[in-house]
Structure formats: C-alpha cells, structure tokens
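Heads up: the structure comes next, in structure tokens.
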Amino acid sequence: MNYKLLFPTYRNRYLFVRRNLKTLSKGHHFGKALNLGTGEGDYDPMISQYCEELISCDINEQDIAYARQLNAGLKNVTYRVEDALNLSFPDNYFDLITSVDVIEHVGKPERMIEEVQRVLKPNGIALITFPSLDFPLTYDPINRVLSWFSEKRIPQGAYAFGHEYLVSKTEFRQWSDRHRLSIMIEQNLSGYIIGLLEMYWTGIVQRIFKANATNLQRQPDKGMALRPSTREPFLTKLTDLIIAIDHALFRSAAHSVGKGFIIKK
C-alpha cells in the first residue's frame, strides 16, 4: 500500500493536487504535463488521469528506476532524469506542471521558478507545494525558538527530510511576480493540529526507513527500506477526518506546515 497517504501532511498535499486538477481540467484533459520531482512516482497514477501525456522527472536515478517499475502499466507516462534548475525541454512546452515539495531541495529556488515559467506554455498552469518557513510552533518548537536567537537549526522537525532551508510564502509570491506568473490560488496545507500530530517522529521514521530519506541526487542503498505501492490504505479515511478538522480550524491561520500555490503563465 502507499503508506505515505496515512501521514496527514503528505495526504494533504496529495488532496490539494488531486482536487485542483479535477477542477482545472473541467472534464477535459491537459495536453502535455510535467511532474517535476516525481520521487518514487506515487503521484503519477493520479496526475496521469488528467493529461494526455505525462513526463515525470527527478534528479535521483534510483527513484526514477523505481517509479518506472511501479507505474509500468501507465501507457501515457514516461520517465526521465532531469535537473530542475536546468531542464532539457524547449520553451513553451507544457500545458501543466506539478511539483510537490521539491523547490526546498534544489538549492536555488527562484531559478526553479524561472525554469517553470520558461517551459510552461502561455496560459499554462503549475501546481507547486512546499514546506513553509512560517510553520506552527506545535510542529517544531525547537527550531522555532532557535529562529528567535540564531541561524542554527537542528535537522529534525521542519528541517528534517533533507530541508536545509524552507520557503517563505512572501518570497514565493515575489518570485512568481518577477517571472511573470500570476497566482490563482494560495492555500495553507496543515495547521496546528496536524503539526502537533507529526511533531518530530515523522522525520525520524523517514530517516530510518525511506530509501531516499533526504531527497538528494544520490544516497547509499539501505538494507531495509520502505517503498510505496499505488494502493490506498483503508485508514486514509481517518487521515482525511483529521485533515478536515484541521482545515476548518486553521485554514486562514498565519502559520501552516506547508503551502500550496497554483500559478499561471
């Protein structure tokens, strides 16, 4: 099963992409789409339902190899190794781009936005999510308190998962504006309740069990690693209930674990 869907933060991002693709497609398919930073490929079966052709790419060759095997039955999906800061595609190529929690790993986040703008067709749409610099205190109290006094951070909580930096919603708006991308939707993804439920332990579990725990270009093989399938666990119904409660209470809060943006060229 896709065990990741049991984590509210992951499930929330997944629902954000699925819900908005369904709305934006309005009964018709996008033409050519790019999933930028596909990782292990577990979003691709869902995204491929809304486009004629999906190219899924990642900088990590091992993840691409696993994704290709996982989704071998998807006839409209192809896989490529690509660098988000230097994509090999021509200008004005894609109708749709999805990129889920990738921009915080690339080192030069504004450069990635520049590349997204370049390869999008006029009127093309991009769905981008990222972990927020303005995360709730309940999610990572240690790094929140540290931020008041110094630049030092511990590599857990909001700074687990290979996050050397987080993305400010203000900076993301500025990058989008600078590269002529208009913001259609901005949404908080996971508030104080979800932050409390996932405080620290999810980062520790990922570091132990996930094959590419820090989401880097290369990582040594682990003797024991969890890989997702495409089957949705029954207990996601409980996860969805938690998300609904958290959203009702904190959808307009100043702080959130993540942010979801839809931008248009």
Side-chain angles (χ1 to χ4, degrees), residues 4 6-14 16 37 39 59-60 84-85 99-113 128-176 178 183 186-220 222 225-226 239 242-243 245-247 249-261:
K4 298 178 189 177
L6 297 174
F7 298 115
T9 50
Y10 181 93
R11 176 68 170 175
N12 216 346
R13 297 190 294 267
Y14 184 89
F16 172 81
I59 200 169
N60 186 284
L85 304 183
S99 186
V100 179
D101 281 28
V102 173
I103 194 171
E104 70 276 12
H105 295 289
V106 299
K108 297 178 180 179
E110 185 175 359
R111 170 61 182 163
M112 180 180 133
I113 296 301
I128 297 177
T129 73
F130 53 82
S132 175
L133 181 63
D134 303 305
F135 56 86
L137 179 65
T138 56
Y139 184 53
D140 184 0
I142 295 175
N143 281 314
R144 175 58 71 217
V145 172
L146 282 174
S147 71
W148 299 338
F149 303 104
S150 74
E151 297 297 320
K152 293 183 178 179
R153 303 291 183 268
I154 64 167
Q156 281 300 330
Y159 289 86
F161 317 106
H163 298 165
E164 294 184 3
Y165 61 91
L166 302 177
V167 178
S168 158
K169 56 182 180 288
T170 302
E171 282 188 321
F172 188 87
R173 295 184 198 121
Q174 292 171 348
W175 299 335
S176 299
R178 198 146 48 223
I183 295 172
E186 175 183 344
Q187 183 179 322
N188 283 349
L189 298 177
S190 304
Y192 287 83
I193 293 174
I194 291 176
L196 181 63
L197 291 174
E198 294 198 20
M199 185 200 298
Y200 298 120
W201 71 271
T202 52
I204 295 170
V205 168
Q206 169 153 307
R207 182 170 288 275
I208 295 171
F209 292 110
K210 188 172 184 286
N212 185 14
T214 51
N215 299 294
L216 298 175
Q217 183 172 2
R218 290 188 176 277
Q219 185 161 307
K222 293 184 176 180
L226 289 176
T239 305
I242 294 169
I243 290 171
I245 295 170
D246 183 83
H247 180 72
L249 293 173
F250 302 112
R251 61 177 173 266
S252 300
H255 298 87
S256 61
V257 176
K259 296 290 291 188
F261 278 84

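The figures here come from the full heavy-atom set of this structure, side chains too, leaving out hydrogens, waters and symmetry mates.
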Has [X] got a side-chain atom pairing as donor or acceptor with [Y]'s backbone, closer than 3.5 angstrom?
{"X": "S168", "Y": "E171", "answer": "yes"}
{"X": "R111", "Y": "L85", "answer": "yes"}
{"X": "Q187", "Y": "F16", "answer": "no"}
{"X": "D246", "Y": "G191", "answer": "yes"}
{"X": "D134", "Y": "S256", "answer": "no"}
{"X": "N143", "Y": "Q156", "answer": "yes"}

Non-neighbouring partners of [X] that pass side chain to side chain donor-acceptor pair (under 3.5 Å), sequence neighbours left out:
{"X": "Y200", "value": "D140"}
{"X": "K259", "value": "E186, N188"}
{"X": "T129", "value": "D101"}

Note, [X] side chain near [Y] side chain (heavy atom, < 4.5 Å):
{"X": "I103", "Y": "I113", "value": "yes"}
{"X": "V167", "Y": "W175", "value": "yes"}
{"X": "Y139", "Y": "S190", "value": "no"}
{"X": "I193", "Y": "I245", "value": "yes"}
{"X": "H163", "Y": "H105", "value": "yes"}

Exercise for review: Classify the ring geometry between Y14 and Y10 as parallel (under 30°), tilted (30 to 60°) or perpendicular (over 60°).
Suggested key: parallel
- Query: Where does the angle between the aromatic ring planes of H255 and Y192 fall among parallel (under 30°), tilted (30 to 60°) and perpendicular (over 60°)?
  - Reply: perpendicular
